[in-house]
Peer 1: 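Have a look at the structure that comes next, please.
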Amino acid sequence: MSQISNRQAKKLSDYKAPEFTITDVELSFELNPEATVLTAVYQVASISDKAGTLILDGQELKLLAVSVDGQLLHADAYQVTPEQLILPGIPAKAQLELKIELNPKANTALEGLYLSNGAYCTQCEAEGFRRISYYLDRPDVLARFTTHIIADDKAYPALLSNGNLVSSTVLADGRRHVTWVDPFPKPSYLFALVAGDFDCLRGSYTTSSGREVALEFYVDKGNKDRAQFALESLKRAMLWDEQTFGLEYDLDIYMVVAVDFFNMGAMENKGLNVFNSKYVLADQASATDTDFFNIESIIGHEYFHNWTGNRVTCRDWFQLSLKEGLTVFRDQQFSADMGSATLNRIDAVKTIRTAQFAEDAGPMAHPIRPQQVLEMNNFYTVTVYDKGAEVIRMLHTLLGQDGFRKGMDLYFKRYDGQAVTCDDFVNAMQDANGRDLSLFRRWYQQSGTPELKIYSQFDAKKREFKLLMQQHTPATADQEEKQPLLLPVRVELLCDGISQSYLLEMTEAQQEFSFAVSQKPVPVLLADFSAPVKLQYQYSMDELLQIARDAKDGVARWDAIQQLWQSQVKAAIEAKDVGTTYQLPAALLEFYRQLLIQPLDDLAFTAELLTVPAYDMVAEQFEEIPVQELVWVLQSFVQQLAEELADQWHNCYQSLRIEAYQYQEQQVAKRALRSVCLHYLAFIAGKDDLLTQQYQHSDNMTDQLAVLRACRSAAHPLFASLMHDFEQRWRDDVLVLDKWFNLSASYPTSSVFVTLEQLTAHPQFSWQNPNRVRAVFGAFYQQNPAMFHAEDGRGYQVLADVVLKMDAINPQVASRLVTPLLSWKRYQPVRQQQLKAVLQTMLSKELSNDLYEKVSKSLS
Ligand code: B3K
Ligand code: ZN
């Protein structure tokens, strides 16, 4: 507890504009694995034009020298603390020069300057630049950066940084000296440096105004062909942003570097994106359809940041959703335009209903604009990103496509080149549309999941249909008091197969809406998931099936089936009948039978309808989650469907003809439906040949992995031998082997505990590589609920040990992995005790701020 004083949370309400700014930065790196020397020269200017004390952020830095205006300072002229360099008496305008020594090799946190497989690379967002140099490491200080890199030419032929390359010379000692100049002032979090020996895939793009942009993808040697899809995705994203938002790229070069050691998906550094290699490299033999999809989406996301994030950035980190919510919304729109809008929307809804609702219900609940933060890296959350995108989507719904575009245009006109707030964004939307959005702003300050209860009344005489709506947001861990929000509620009224659509705007705690109708309609509520809320309405099974058949909105059709399953799960659990004899309703089975005999034109959508909701989707509906019961009920439902419709699964599977692989919409859809059929078939005896056949003879990873997944879920006897084969085939290709690590760790029997030990002893496993750790332990808690929640608490202990081990290596990874342990209040008493015990043990150790913030909140 003695550390408490060092763990001061920062508050949004304490924001102060900086007293000094830095206008120009010149960095010279002389790279060396254990002793890189950085010379940093800053042009510093006082905002008030007065001399004063300059306080720079810095962590774990070895400061060699400080000079001001060319004068070397004596050590007693400044003060160094573990987190700051304090320089009194700095003139109103000054040149500051620092010399710093860094040890990239020892950097396992992968924040600041580090080595990834021998290549130098950086990660600065949110506050990693202070691990490279002392600086005003905050996003509202924008400077022009010039970067010199000096390194051995043979070992590091590629020396990259932000902006444009202005010179490259070989020095007398054989080292190369390159200079990059970024003409756009930027905050330090967008700085990047990469040095290594890569293959480079080159392309080019001509912008709508006719400027030629060089596109360069740097990948590990031998992987150039696997970057082709990412390059094409980038071109599609560049074109889409011009066509949709009128936004063009602004430098002469756009570089993407794929690295193996990376804490997250990718990073939008100006002109030099750094990517986790898993989101760049793909070909049909090694990547699934989902991998291809993710690559296009993340390439798009990072590219779209060039305007929403880089050109207009955040004033402070509490405003993170300004760039992330907006950019997720933009990448979702891009993906929808590249493929199916409905399927993309369904995916987004799943994320909100599982991870985001769970975050709201747990100890880390926060609004999309958090008010208090100890470790900023803990707030790159599904709330800030995905709920943030839902908030932007609601604006889009309320203002319409054109109104939204007008707001975006005004936003860029007003704020290009500045660091601004979420309020500034809403102001632009408001002013461009002449509409008062004050009520809407509550979405930024209020956390939690609103519950929307709807009742209906039909008056046959008056031919009137009424919807009575009530909204209520339960208190969250961070915030007691809640207010009513502005909810856009899309409604369809179904009458005689005809559907009429409405957009209702709910602004009060309770409201009534009336509709003139000829007869009693079936209401389709919250179509397109028009607001991120939990909806309650008493539907009959017939009504849900009618919605699934007749609603115009695809998301609502899918949702009707989801609700049907939810009610079946609840019924089975309430009947204390965990599936052995619980009979699924005939109407539901019939609906499935018809779908299989005559799939809809959209095969991918058919596949979604035929899928029983996943554990985490169902779990979120329960305040106290009945873990084992849910696992059993879901498993038994799949078993029952598999057996009841055995012939239909088989026939549907056989009817979907296989073609030579292409990543193309209709083919992806066909494979998705085949995989669903195969999944059910794995639960029926006698399908070994079919499974083996598909595994051995398909020409792509999607179909091969579908077999392994099906066998895993069904705990099929073939699983072990197929997995052995897979490991032999792919053991030298770690990106693919991660799929094997993932499947091994999610095998739903108690043998998995021995497996986990074996996996961490595998020659390709490394605690230093976040992809490996996530492939094993992320899969264990996300995809293996039965064993993660094992009766004796073993699953919790395993994860807690890993979290502690990782905290010493890489706190960001540790802090992500701890998430499932935090929500102990959601479980039955025995589990609560087990979870609390592991958390208490954790809290008694020396923890990083990352982990301390989460664990202490969860226990408070
Ligand atoms: N902006 C980065 C995320 C940085 C995370 C820092 N812990 C990637 C993205 O959202 O595009
Ligand atoms: Zn982002």
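Start at 1 and go down the list; that is how both ligands and their atoms are numbered. All residue numbers in this chain count up from 1 along the given sequence.
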Peer 1: Is the number of heavy atoms from other residues, nucleotides or ligands under 6.0 Å of Arg816 CZ greater than 12?
Peer 2: no
Peer 1: Angle at the Zn ion (ligand 2), OE1 of Glu324 to NE2 of His301, rounded to 10 degrees, please.
Peer 2: 110°
Peer 1: Which atom pairs, nitrogen or oxygen on both sides, join ligand 1 and the protein at under 3.5 angstrom?
Peer 2:
unit_1   : atom_1 : unit_2 : atom_2 : d
ligand 1 : 1 (N)  : Glu125 : OE1    : 2.5
ligand 1 : 1 (N)  : Glu268 : OE1    : 2.8
ligand 1 : 1 (N)  : Glu268 : OE2    : 3.4
ligand 1 : 1 (N)  : Lys323 : NZ     : 3.4
ligand 1 : 1 (N)  : Glu324 : OE2    : 3.1
ligand 1 : 7 (N)  : Asn377 : OD1    : 2.8
ligand 1 : 7 (N)  : Gln812 : OE1    : 3.4
ligand 1 : 10 (O) : His301 : NE2    : 3.4
ligand 1 : 10 (O) : Glu324 : OE1    : 3.0
ligand 1 : 10 (O) : Glu324 : OE2    : 3.1
ligand 1 : 10 (O) : Tyr385 : OH     : 2.5
ligand 1 : 11 (O) : Glu268 : OE1    : 3.3
ligand 1 : 11 (O) : His301 : NE2    : 3.1
ligand 1 : 11 (O) : Glu302 : OE1    : 2.7
ligand 1 : 11 (O) : Glu302 : OE2    : 2.9
ligand 1 : 11 (O) : His305 : NE2    : 3.2

Peer 1: Mind checking whether Phe318 and Phe379 have ring centres under 6.0 Å apart?
Peer 2: no
Peer 1: Is a salt bridge present between Arg130 and Glu83, judged by a nitrogen-to-oxygen distance below 4.0 Å?
Peer 2: no
Peer 1: Around Lys350, counting heavy atoms of other residues, nucleotides and ligands shown, do more than 12 lie under 6.0 Å from its NZ?
Peer 2: yes
Peer 1: For Lys739, what residues pass the side-chain hydrogen bond (donor to acceptor under 3.5 Å, both in side chains) criterion, not counting sequence neighbours?
Peer 2: Asp291
Peer 1: Please check if any side-chain donor atom of Ser297 sits under 3.5 Å from a side-chain acceptor atom of Asn294, or the reverse.
Peer 2: no
Peer 1: So that I can tick it off, tell me whether Lys857 and Asp478 are bridged by a salt bridge, with the cut-off set at under 4.0 angstrom between side-chain N and carboxylate O.
Peer 2: no
Peer 1: So that I can check it, does any N, O or S atom in Glu302 come closer than 2.8 Å to the Zn ion (ligand 2)?
Peer 2: no
